[in-house]
Enquirer: 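Dropping a structure here in structure tokens format, bear with me for questions.
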Protein chains: 2
Amino acid sequence: MSVRDQPVKEHRRTRQRAAVDEVLDDTTDFISAQDLHAALRARGAGVGLATVYRTLQTLADDGKVDVLRSDGGEAVYRRCVREEHHHHLVCRSCGATVEIAGPTVERWASSVAEKHGFVDVSHTLEIFGTCPRCAQA
Amino acid sequence: MSVRDQPVKEHRRTRQRAAVDEVLDDTTDFISAQDLHAALRARGAGVGLATVYRTLQTLADDGKVDVLRSDGGEAVYRRCVREEHHHHLVCRSCGATVEIAGPTVERWASSVAEKHGFVDVSHTLEIFGTCPRCAQA
DNA sequence: ATCAAGAGTGACAACCATTGTCAAAACACC
DNA sequence: GGTGTTTTGACAATGGTTGTCACTCTTGAT
């Protein structure tokens, strides 16, 4: 679908990357680079802020994490469960996330694009709302 | 669908807002606040940068312009033709934009959200690709 | 037309997420 | 262990966006 299907360059294993990985594993919701940095510091495994950004960027490039922009324009990251293309249903209040697959939407998107002569098509689709737990307030 | 269906508070007519409006009318593609500010300055109608931001924010709140985030996280704005909810097909290369309506997707999104107990649901959906004109390169 | 009240403006400072820099430290492999 | 390259981290720099606040302009009433 997209053009980024290169073999994914190999990276070195370092304490810092392992630490980032660990936090990512323990976090089911989207987290910002800043928050991730704070989380690392909190659990004693301090990692430089710049390194956190670089690591997340690398992971994103390799398709290992999902990235999306919060309302404030901040980039937020999350380890994806499915490797394939999918979307998210995100709670505006607590950040809880459900991964969604929508084959119909995929087809619709490409057909619409095709109809207008667009090629090399990709798309973004996120659904926001208030989750059941946050709703009882 | 969303909660922002208030009667849209009235605003005063000022030279600055008229100028912003004019540029927006002359621009068919998405434009950033910074670029809009430059465009205003270029056509002699200088407007403060802060004012540009405030004006765009106001227009966005009133649903008079569409807002979306560029890849770099910059907010870009565009006068919408349709007042109702809709999506965009955007050329990655030249920025050309086609407005899209997708009733099916709308229904699908709300049903998915509902199925998971989410309420007060909204969503974002943008399709990116290379337009016919840019494709012949 | 005049006026008072409050919305709107602008120059600039402040914010804050993100990126650049570069010497020092860590990894992989011989 | 030695060596060449990658990675790191502290800090500076960048750049979009928002906050501040005195001043100006629009508006509706008089």
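Per chain, numbering begins at 1; letters A, B, ... match sequence-line order.
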Enquirer: Flag the pair A/V76 / A/I31 as yes when at least one side-chain heavy-atom distance between them is below 4.5 Å, and no otherwise.
Expert: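 The answer is no; the side chains never approach within 4.5 Å.
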
Enquirer: Taking only residues at least two apart or on different chains, which pairs with a member in residues 20-42 of chain B satisfy ring-ring contact (aromatic ring centres under 6.0 Å, His included)?
Expert: B/F30-B/H88

Enquirer: Using atom CG of B/D62 as one end and atom P of C/dA7 as the other, report the distance to the nearest whole Å.
Expert: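 These atoms are roughly 15 Å apart.
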
Enquirer: How would you list, by chain and number, every residue that makes a side chain to side chain contact (heavy atoms under 4.5 Å, CB included) with B/A109, sequence neighbours excluded?
Expert: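 Result, side chain to side chain contact (heavy atoms under 4.5 Å, CB included) vs B/A109: A/I127, B/H123.
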
Enquirer: Under the salt bridge (Lys or Arg N to Asp or Glu O under 4.0 Å) test, which residues partner A/E99, sequence neighbours left out?
Expert: A/R78, A/R82

Enquirer: Mind checking what makes salt bridge (Lys or Arg N to Asp or Glu O under 4.0 Å) contact with B/R79, not counting sequence neighbours?
Expert: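 B/R79 satisfies salt bridge (Lys or Arg N to Asp or Glu O under 4.0 Å) with B/D21, B/D25 once adjacent residues are dropped.
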
Enquirer: So, using side chain to side chain contact (heavy atoms under 4.5 Å, CB included) as the criterion, who are the partners of A/A45 when residues are at least two apart?
Expert: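 Applying side chain to side chain contact (heavy atoms under 4.5 Å, CB included) to A/A45 gives A/R15, A/A19.
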
Enquirer: Could you work out how much the helix from C/dA1-D/dT30 to C/dC30-D/dG1 bends, comparing the axis of its first five pairs with that of its last five, to 10°?
Expert: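 That helix has its two terminal axes inclined by roughly 40°.
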
Enquirer: At under 4.0 Å between heavy atoms, which parts of nucleotides 8-21 of chain C does protein reach? Answer with one letter per nucleotide, 5' to 3': B base, S sugar-phosphate only, - none.
Expert: SBBB-----SBBBB

Enquirer: Side-chain heavy atoms under 4.5 Å apart, restricted to Ile/Leu/Val/Met/Phe/Trp/Tyr: what other residues fall into the cluster of B/Y53, or is it alone?
Expert: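 B/L49, all in the cluster of B/Y53.
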
Enquirer: Taking only residues two or more places apart in sequence, or in another chain, which ones meet B/R43 in a salt bridge (Lys or Arg N to Asp or Glu O under 4.0 Å)?
Expert: B/E22, B/D26

